[in-house]
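In each ligand, atom 1 is the first atom listed, and ligand 1 is the first ligand listed. No experiment lies behind these values; they were computed from the predicted model shown.
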Amino acid sequence: MAENLRQPMIVLPESAQRILGRDAQRLNMMAAKAVSEIIRTTLGPKGMDKMLVDSLGDVIITNDGVTILETMDIEHPAAKMIVEVAKAQEDEVGDGTTTATVLAGELLKRAEDLLDQDIHPVVIVQGYKLAAEEAMKIIDRVSSPVSVEDKRLLFKISKTSMNGRGTESGIEHLASIGVNAVLKVVNKNKADVEDIKIEKKAGGSLEDSALIDGIVLDKERVHTGMPSSINDARIALLNVALEVKEPETDAQIQITSPDQIEAFLNKEEEMIKRMVTKIKNVEATVLFCQKGIDDLAQHLLAKEGVLAIRRVKKSDMTALSRATGASIVTDIRDLKETDLGFAKIVEEKKIAGESMTFVEGCSDPKAVTILIRGGTAHVTEEAERSLKDALKVLATALSDGKVVPGGGATEIEVGIQLGKIASKMGGRAQLAIEAFAKSMDIIPRSLADNAGLNAIDLLVKAKSEHESGKHNQGIEVFSSTTKDMFELGVIEPAMVKKQAIKSASEAAMMILKIDDVIAASKISKGDMAAGMEGMGGMGGF
Ligand code: ADP
Ligand code: MG
């Protein structure tokens, strides 16, 4: 038995690679920092855009952190954790993805300095954890209230969240559309932004974008003989096809005489006619069908003066149902008058030369659609991304009820106050909290850097102003000075800042705690390092 024990114990397959201790930490940190370095240049209103080409060759031009990270198709496991930070941030609060990622990178960079001073990762993690908790309290203290009454303040929040996107010229307009849309659907401070439908149509300019009271579909009527507009519409929603079913593949129809063919065709026609009669009997004047409508049905519906639209998306059917109060009927034989929904007007309009259908004045006043317009598809897509963020940000601001100054002001204040806490701590924990406090500077510094300003001078100025009690001073990127961000109207939900610090520090701590990377044969130590070089290279694109 003792003999056996002397044999080496093999728990991993031979092909597996193992990286231990400082090597593991270093490689993971390098990968994570590389990712955050790439997107640091996009932070803020003067941040640059990235042009991304996905695996199918489609081009996206964006400044949106999460979009960049998702499209980059990152492979390194630690770098992926940073991408997760951005995704979590996006899901939770809708904004601050770049901030969170950049902060995570900086926290790791500063942690590395501490590791070099032989401070144990556990000590750093403890310090970071404490600092993150204190940061939450500090943010609460510097925040101000916001509610549905403060439309002007909401507009500023909306606009701040959209800054730094390629949508510059139309920002004000889109920002106010966002506020109006959220105020339409809000109920006791809770706004479900999923209720707000977004449609986009390239052509025109961003200023032509509009908030429509109702549902807009990128669809036209199936038959030009149908009316293009119907007042006081009685709306039926069907999710079955208005066509004769193709016979099952193995069904055989035995026809032995011309009479039988005619009888068979008549029977088909009969069925379609019956379906249309059913629609006529309940006096529906508009029909939205999730499936197809065949020629005969189109013709008959047109003759009855019904405006019909086919192949409506499932999500649009649900939206129509909610907006008009109609039930979606799966068997036309069951269609009853009580299944119908209502709208003041259903109308086909030409937008940029294409027909869209507007269902306005719905029985549910909360049904709204934002129709985004813009010169090209790239513009409307980026506008949609910023608008979605703005809607989420507004919902976050309302549900939490607290806002803070942007432009780095909040980060500066958190950094200063954490620094004071650290100095009272003493010992090794002090160093970690100090490192955390200093990491906060990366946000105002990057805002200034990206605007081509002298970051060091501006940061020193802002900090001394904070020390003298001016807690809202941040970086004014357009005129190279510091300003009161509340007065300037650069305002963000407190939740966005809190979540960014929370998720960034969690990711940093998680990466710090890893001292052993065991990889199945696919990733070898060499590949890991090479992968990171590749990412570092991308930083310059
Ligand atoms: P994120 O993905 O983190 O939201 P952004 O590129 O949207 O990244 O930049 C957000 C940062 O830009 C925030 O710190 C915000 O306060 C700041 N910011 C936005 N507008 C302005 C402005 N007009 N002046 C200064 N800073 C601004
Ligand atoms: Mg943003």
Side-chain angles (χ1 to χ4, degrees), residues 36 38-50 62-70 82-83 85-106 139 156-168 171-172 175 178 382 385-394 396-397 403-415 440-451 453 455 458-459 462 472-501 503-504:
S36 93
I38 291 170
I39 73 164
R40 191 168 93 90
T41 58
T42 69
L43 185 79
K46 291 283 189 108
M48 304 295 273
D49 292 342
K50 302 277 179 201
T62 186
N63 177 298
D64 185 42
V66 96
T67 308
I68 298 171
L69 293 173
E70 275 178 351
I82 298 293
V83 179
V85 171
K87 279 192 194 152
Q89 180 77 19
E90 175 91 353
D91 293 344
E92 297 278 333
V93 291
D95 197 16
T97 53
T98 313
T99 303
T101 314
V102 168
L103 214 47
E106 187 68 9
I139 292 174
K156 290 171 184 168
I157 297 167
S158 182
K159 202 176 135 199
T160 301
S161 83
M162 284 185 176
N163 262 341
R165 296 299 173 80
T167 45
E168 253 59 76
I171 274 187
E172 306 242 323
E382 180 72 342
R385 278 190 289 272
S386 9
L387 193 61
K388 277 189 174 160
D389 282 3
L391 296 175
K392 195 86 192 286
V393 163
L394 287 166
T396 304
V403 290
V404 291
T410 300
E411 287 85 355
I412 293 173
E413 190 58 29
V414 169
M440 291 295 134
D441 289 352
I442 191 71
I443 302 303
R445 221 172 67 210
S446 305
L447 288 173
D449 275 344
N450 292 347
L453 307 175
L458 283 174
L459 198 55
N472 300 332
Q473 294 294 109
I475 311 293
E476 216 289 66
V477 291
F478 296 102
S479 66
S480 184
T481 180
T482 59
K483 274 221 175 102
D484 183 310
M485 289 292 133
F486 262 119
E487 278 169 20
L488 194 66
V490 177
I491 303 168
E492 296 179 83
M495 266 314 266
V496 169
K497 291 290 168 219
K498 282 192 189 171
Q499 185 65 40
I501 293 180
S503 39

Taking only heavy atoms of V477 into account, list the atoms of ligand 1 that are under 4.0 Å away from them. 24 (N)
Atoms of ligand 1, numbered as shown, that sit under 4.0 Å from any heavy atom of K497: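 Once the distances to K497 are compared, the set is 14 (O).
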Between ligand 1 and M162, can you find any atom pair, the residue atom being a heavy atom, that is separated by under 4.0 Å? no
Applying a 4.0 Å heavy-atom criterion (strictly less than), which segment of [X] is in contact with ligand 1: side chain, backbone, both, or neither?
X: T99; result: both
X: L488; result: neither
X: E411; result: neither
X: L447; result: side chain

Looking at E90 and K87, does any basic side-chain N land under 4.0 Å from a carboxylate oxygen? no
For the residue pair K159 and V490, establish whether any side-chain heavy-atom pair is separated by less than 4.5 Å. no
Provide the atom name of the closest N, O or S atom of D95 relative to the Mg ion (ligand 2). OD1
If hydrogens are left out, which of N450, T160, D389 has an atom nearest to atom 19 (C) of ligand 1, that is, the closest non-hydrogen atom?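 Shortest heavy-atom distance from atom 19 (C) of ligand 1: T160.
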Which of these, V404, T98, V393, T101, has its nearest heavy atom closest to atom 2 (O) of ligand 1?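 Looking at heavy atoms only, T98 sits closest to atom 2 (O) of ligand 1.
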Without swapping roles, check the side chain of Q89 against the backbone of V496 for a donor-acceptor pair under 3.5 Å.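 Checked: pair present.
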